[in-house]
Amino acid sequence: MFHVKQDYMSFKIIAIDGPTGVGKSTIARQLAEKLNYLYVDTGAMFRCLAWSWKNTGCPEDEQSLQDLGDQTQIVFKQDRVFCNNVDVTAEIRSESISISASQVSRFPLIRQVMKQQQRKLVSEVHSSGNIEGAVLEGRDIGTVVFPAANFKFFVDASPEIRAKRRLLQLQERGEKTNYEEILAALIKRDEQDKNRKVAPLRAAEDAIIVDTGKLNASEVLEYLLGCILR
Ligand code: DC
């Protein structure tokens, strides 16, 4: 067990978990900006791995997955994401990478590598002494990666609301798609994420549940800040 509170003293860790398309990224990024904390998009990390995995033919044997984990270098630079020195910022947001990310994230070995990398990112920033906390968003931050996080939020909304939001995002990016396809893919991804054997998507017992279907982005941010700063 990783004892964040003891290990990090006054450094604060905020975990934001939830299903796909719920608006986690917007909320987590804005929260990190407001608090001047490190922002870690762990979904982007899994998406980078999925990108590499696809490029090597989607192998499933232990050795290939180990090599994938060891050899995939992920770097966040300002608003860009680089995977093995390639700027993959836009490419990893495609629907096809969304599906592969959900598939590759079910392998225990891959989850182990990701957990270590996520903890390392936070530990490096903590050691630098320049930043007072980190906001991490994903599926298992409050349950597995930082189970002793100072604040845990589980953001949720109905599949229909999330599918409508995703449709708008993809249309803005010029991807050809339709609502029914998106809804079906989203429900499938929810099932995969919730039912995998290791670190399934679920709310930590001590997480604060936030329904983003009833609130807009700024109301959610205000609510989270209220919980953290009170
Ligand atoms: O948050 P996202 O949609 O960018 O995540 C893409 C996929 O990565 C998601 O379907 C499941 C996986 N993921 C995960 O298993 N654990 C995380 N902490 C973050 C993402």
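In listed order, ligands and their atoms are each counted from 1. Just so you know, residue 1 is the first one in the sequence shown, and it goes up from there.
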Side chain to side chain donor-acceptor pair (under 3.5 Å) between Ser102 and Arg189: does it pass, once the steps are laid out?
CA-CA 6 Å; Ser102 183; Arg189 221 150 49 95; 5.5 Å; no

For residues Leu225 and Tyr223, determine if any side-chain heavy atom of one lies less than 4.5 Å from a side-chain heavy atom of the other.
no

May I ask you to check whether Glu137 and Tyr39 show a side-chain donor-acceptor distance below 3.5 Å?
yes

Please identify which atoms of ligand 1 are closer than 4.0 Å to at least one heavy atom of Asp193.
9 (C), 10 (O), 11 (C)

Can you pull out the closest protein heavy atom to atom 8 (O) of ligand 1? Residue, atom name and distance to 0.1 Å, please.
Phe46 CB, 3.5 Å

Geometric N/O contact Asp140 with ligand 1, under 3.5 angstrom:
yes

Would one find an N or O of Arg47, backbone or side chain, under 3.5 Å from an N or O of ligand 1?
yes

Numbered in order shown, the ligand 1 atoms found under 4.0 Å of a heavy atom of Thr42 are 17 (C), 18 (N), 19 (C)

Under a 3.5 Å threshold, yes or no: a donor from one side chain and an acceptor from the other, between Lys152 and Thr143?
no

Can you confirm, on distance only, whether ligand 1 has an N/O atom lying under 3.5 Å from any N/O atom belonging to Arg139?
yes

Using a 6.0 Å cut-off, check whether atom CD of Glu132 has over 12 heavy atoms from anything other than its own residue.
no

Decide whether an N or O pair under 3.5 Å exists between Arg196 and ligand 1.
yes

What atoms of ligand 1 come closer than 4.0 angstrom to any heavy atom of Ala101?
6 (C), 7 (C), 8 (O)

Kindly compute the distance separating NZ (Lys54) from CD (Gln103), expressed to the nearest 0.5 Å.
8.5 Å

Winner among Lys115, Arg106, Arg93, Arg111 once heavy atoms are compared against atom 16 (N) of ligand 1
Arg111

Residue Ser105 vicinity, atoms of ligand 1 by number, heavy atom under 4.0 Å
11 (C), 12 (C), 15 (O)

Under 6.0 Å from the six-membered ring centre of Tyr37 and within 45° of its axis: does the NZ or CZ of Lys12 meet both?
no

Taking non-hydrogen atoms only, is Arg189 closer than 4.0 angstrom to ligand 1 via side chain, backbone, both or neither?
side chain

Does atom CG of Asn178 have more than 12 heavy-atom neighbours, drawn from other residues, nucleotides or ligands, at distances under 6.0 Å?
yes

